[in-house]
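Whatever order the structure lists them in is the order used to number ligands and atoms, beginning at 1.
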Amino acid sequence: ATERTLSIIKPDAVAKNAIGEIIARFEKAGLKVVAAKMLHLSEEKAGGFYAEHKERPFFKDLVGFMTSGPVVVQVLEGEDAIAKNRELMGATNPKEAAPGTIRADFAETIDANAVHGSDSPASAEREVAYFFNADEICPR
Ligand code: CMP
């Protein structure tokens with residue numbers, strides 16, 4: 001089915017000037033960018049986004065990292081977009097990510113792992129709405 005998923009290009013990948021290379025991978029895989037913006041997240045915005053991890057030991061570092069520089073948030077649309085995006089990203093820990101995946105190619109650590117992608121239809125719906133109003137999404 002056609003799905004939408006939220007993608008974030010994280011501060012490490014933005015700092016590496018890899019925004020275009022990462023978006024090119026989505027487009028080459030048939031995913032379409034239907035919304036996009038660059039943001040420097042506040043602690044409150046990053047903490048709210050990752051609220052489900054609030055009790056995890058890495059939460060503070062995660063919020064610190066995600067607010068350390070600008071990010072690019074996008075809505076990707078396409079056939080099985082959620083799973084396709086996760087395949088393109090590779091495992092959360094870049095050391096375990098399959099060769100040729102975004103995290104294998106652009107990330108070194110589990111904290112600074114280049115990209116985020118929604119992990120289920122329910123989280124995609126929540127995450128897209130967390131960053132975009134309906135009128136900021138451009139069906140195409
Ligand atoms: P992301 O998909 O953005 O979701 C939560 C992030 O927490 C994850 O990517 C990692 O960058 C970061 N993180 C740090 N340590 C861990 C861990 N032990 N397990 C899962 N995620 C972690």
Residue and atom name of the nearest protein heavy atom (relative to [atom]), distance in Å to one decimal:
| atom | value |
| --- | --- |
| atom 6 (C) of ligand 1 | L62 CD1, 3.7 Å |
| atom 4 (O) of ligand 1 | Y50 CE2, 3.5 Å |
| atom 11 (O) of ligand 1 | I110 O, 2.6 Å |
| atom 2 (O) of ligand 1 | H116 ND1, 3.1 Å |
| atom 21 (N) of ligand 1 | F58 CZ, 3.7 Å |
| atom 8 (C) of ligand 1 | T92 CG2, 3.8 Å |

Within the 4.0 Å heavy-atom shell around [X], which atoms of ligand 1 are there?
| X | answer |
| --- | --- |
| D111 | 11 (O), 14 (C) |
| R103 | 2 (O) |
| H53 | 5 (C) |

(request) If you link ILVMFWY side chains whenever their heavy atoms are less than 4.5 Å apart, which other residues fall into the same cluster as V34? By chain and number, please. (result)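 Members alongside V34: L6, I8, L39, L41, F49, Y50, F58, F59, L62, V63, F65, M66, V71, V73, V75, V128, Y130, F131, F132, I137.
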(message) Hydrophobic cluster membership, with links at side-chain heavy-atom distances under 4.5 Å among I/L/V/M/F/W/Y: are I9 and I82 in one?
(response)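 They do not share one cluster, since no chain of ILVMFWY contacts under 4.5 Å joins I9 to I82.
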(message) If hydrophobic clusters are built from ILVMFWY residues whose side chains come within less than 4.5 Å, do V33 and L88 share one?
(response) yes
(message) Using side-chain heavy atoms (C-beta onward) and a distance below 4.5 Å, is I102 in contact with R25?
(response)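 Contact flag for I102/R25 side chains = yes.
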(message) What I want to know is whether K10 and ligand 1 share at least one N or O pair that is separated by under 3.5 angstrom.
(response) yes
(request) Might you point out which heavy atoms bring T67 and A46 nearest each other, and give the distance in Å? (result)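 Looking at all heavy atoms of both residues, the shortest contact is CG2-CB, 3.9 Å.
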(request) Looking only at non-hydrogen atoms, find the nearest pair between A104 and P99 and report the distance. (result) CB-CA, 4.3 Å
(message) Checking the side chain of R103 only, and the main-chain atoms of N113 only, is there a donor and an acceptor separated by less than 3.5 Å?
(response)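 Side chain of R103 to backbone of N113: a pair is present.
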